[in-house]
Colleague: 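Let me begin by handing over the structure; questions about it come next.
Worth knowing before you read on, the calculation uses all heavy atoms, side chains too, and leaves out hydrogens, waters and symmetry mates. The structure displayed is predicted, hence computed values, not measured ones.
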Amino acid sequence: MSETELKEQVVLALKTVYDPEIPVDVYELGLIYDIKIFPVNNVYILMTLTSPSCPSAGSIPGEIEQAVRNVEGVNDVSVELTFDPAYSSDMMSEVAKLELGFM
């Protein structure tokens, strides 16, 4: 599997993880800032949460890690949480904005 194909599979896995308070997946919400694939299929994800005081702060990064680990071909996963830049609704995809009534 090429790096591009693996990254596409990682994105599909990320789309299975939802913020329990919002009916939109973490990828469409714009919580994923960066996805990098390093040799040999080691995946690095830089992400944020909707708020530093998000009640799901303890669970969402772990759910993301597990979902990506389940992708065939992934060797290892590292998830880093950041609040810089701070999350805003502008980071949502059009799909998320439509789903949540922002459009």
Colleague: Check whether any side-chain N or O of Asp34 sits under 3.5 Å from a backbone N or O of Leu46 as a donor-acceptor pair, and report yes or no.
Modeller: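 Between the backbone of Leu46 and the side chain of Asp34 there is no qualifying donor-acceptor contact (under 3.5 Å).
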Colleague: Using the rule that two of Ile, Leu, Val, Met, Phe, Trp, Tyr join whenever any of their side-chain heavy atoms come within less than 4.5 Å, decide whether Leu100 and Val95 are in one cluster.
Modeller: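 Leu100 and Val95: separate clusters.
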Colleague: Hydrophobic clustering (ILVMFWY, side-chain heavy atoms < 4.5 Å, transitive) - are Val74 and Leu12 grouped together?
Modeller: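 No, Leu12 does not connect to Val74 through the hydrophobic network.
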Colleague: At their closest point, which heavy atom of Ser56 faces which heavy atom of Pro61, and how far apart are they?
Modeller: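 Looking at all heavy atoms of both residues, the closest pair is O-CD, 4.3 Å.
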Colleague: Check whether any side-chain heavy atom of Val71 sits under 4.5 Å from a side-chain heavy atom of Val43, and report yes or no.
Modeller: no
Colleague: Are the side chains of Thr50 and Ser89 in touch, meaning some heavy atoms are under 4.5 Å apart?
Modeller: no
Colleague: Distance from Glu99 atom CD to Ile22 atom CD1, nearest 0.5 Å?
Modeller: 11.5 Å
Colleague: If you measure from SG on Cys54 to CD1 on Ile60, what distance do you get to the nearest 0.5 Å?
Modeller: 4.5 Å
Colleague: Is there a path of hydrophobic side-chain contacts, each under 4.5 Å between heavy atoms, that joins Val40 and Val10?
Modeller: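 Cluster IDs for Val40 and Val10 differ.
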Colleague: Yes or no on side chain to side chain contact (heavy atoms under 4.5 Å, CB included) for Asn42 and Asn75, after CA distance, side-chain angles and deciding distance?
Modeller: CA-CA 5 Å; Asn42 294 319; Asn75 183 44; 2.9 Å; yes
Colleague: First locate atom CD of Glu8, then atom CG of Leu6, and finally report the distance between them rounded to the nearest 0.5 Å.
Modeller: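 Glu8 CD to Leu6 CG: 9.5 Å, rounded to 0.5 Å.
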Colleague: Could you measure the distance from the CD1 atom of Ile45 to the CG atom of Leu31? Nearest 0.5 Å is fine.
Modeller: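 If we round to the nearest 0.5 Å, Ile45:CD1 and Leu31:CG are 12.0 Å apart.
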Colleague: What's the spacing between Thr82 OG1 and Leu49 CG if we round to 0.5 Å?
Modeller: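 It is 10.0 Å, given to the nearest 0.5 Å.
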Colleague: Measure the spacing between CD1 of Ile37 and CD of Glu5 and express it to the nearest 0.5 Å.
Modeller: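 Answer rounded to 0.5 Å: 11.5 Å.
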Colleague: Run Ser53 and Ser51 through side chain to side chain donor-acceptor pair (under 3.5 Å) and show every step you take.
Modeller: CA-CA 5 Å; Ser53 59; Ser51 150; 2.9 Å; yes
Colleague: Any idea which heavy atoms bring Met91 and Ala86 closest together, and the distance?
Modeller: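 Result for this residue pair: CE-O, 3.3 Å.
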Colleague: Looking at Phe38 and Tyr44, what are the two nearest heavy atoms and their distance?
Modeller: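 Closest pair (atom of Phe38, atom of Tyr44, distance): CE1-CB, 3.7 Å.
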Colleague: Between Tyr18 and Val24, which heavy-atom pair has the shortest distance, and what is it?
Modeller: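 Minimum heavy-atom separation between Tyr18 and Val24: CD2-C, 3.3 Å.
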Colleague: For Tyr27, does the OH atom sit with more than 12 other heavy atoms under 6.0 Å from it, leaving out its own atoms?
Modeller: no
Colleague: Under the salt bridge (charged side-chain N to carboxylate O under 4.0 Å, His left out) rule, what pairs show up with a residue in residues 70-97, not counting sequence neighbours?
Modeller: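 Salt bridge (charged side-chain N to carboxylate O under 4.0 Å, His left out) check on residues 70-97 returns Arg69-Asp76.
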Colleague: Glu63 and side chain to side chain contact (heavy atoms under 4.5 Å, CB included): which single residue from Leu14, Val26, Asp19, Val17 fits?
Modeller: Val17
